[in-house]
Amino acid sequence: MTNEKDLPNNEPLEIVAVAGPAEAQMIEELLRNNGIDSTLQGNVEANPWPVLSDLNEVRVFVKQSDVELANELVEGFFTPVAKDELSENQ
């Protein structure tokens with residue numbers, strides 16, 4: 001298993017996985033507006049509804065050197081909703 005400290009600073013690391021593309025795109029824009037490049041992995045088609053499947057989960061990646069600031073920004077401005085936190089009543 002690779003330790004995070006063993007990766008080069010430009011190696012992308014996942015900072016968060018969210019249940020829908022809209023939230024992932026908002027996080028991507030927040031990061032870009034603060035000078036952090038990011039990459040989205042998953043189904044990022046425009047879909048206004050959160051999804052419950054692993055297949056539709058969207059992951060946000062940033063460079064290792066940006067992980068600390070990116071996590072701080074995401075935690076400060078978002079409360080990401082994981083697929084297991086969604087129910088029909090919400």
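Since we're looking at a predicted model, the values are computed, not measured.
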Taking every non-hydrogen atom, the tightest pair across E14 and F61: N-CD2, 3.3 Å
Do other residues, nucleotides or ligands put more than 12 heavy atoms under 6.0 Å from E68 CD? no
Please report the shortest heavy-atom distance between L40 and A24, naming the atom on each side. CD2-O, 3.8 Å
Within a strict 4.5 Å, meaning less than it, do heavy atoms of the L30 and I36 side chains meet? no
Intermediate values then yes/no, side-chain contact (heavy atoms from CB on, under 4.5 Å), V16 and R59: CA-CA 6 Å; V16 67; R59 294 174 176 83; over 6 Å; no
Taking all non-hydrogen atoms of both residues into account, name the closest pair between E57 and V18 and its distance. CG-O, 3.4 Å
Measure the spacing between CD1 of I27 and CZ of F77 and express it to the nearest 0.5 Å. 12.5 Å
Looking at side-chain heavy atoms only, is the closest gap between R32 and D37 below 4.5 Å? no
Should N71 and V62 be marked as a side-chain contact (heavy atoms from CB on, under 4.5 Å) after you check the CA-CA gap, both sets of side-chain angles, and the distance that decides it? CA-CA 10 Å; N71 280 326; V62 298; over 6 Å; no
Distance from Q25 atom CD to S38 atom OG, nearest 0.5 Å? 10.5 Å
Atom CD1 in I15, atom CG in L31: separation rounded to 0.5 Å? 5.0 Å
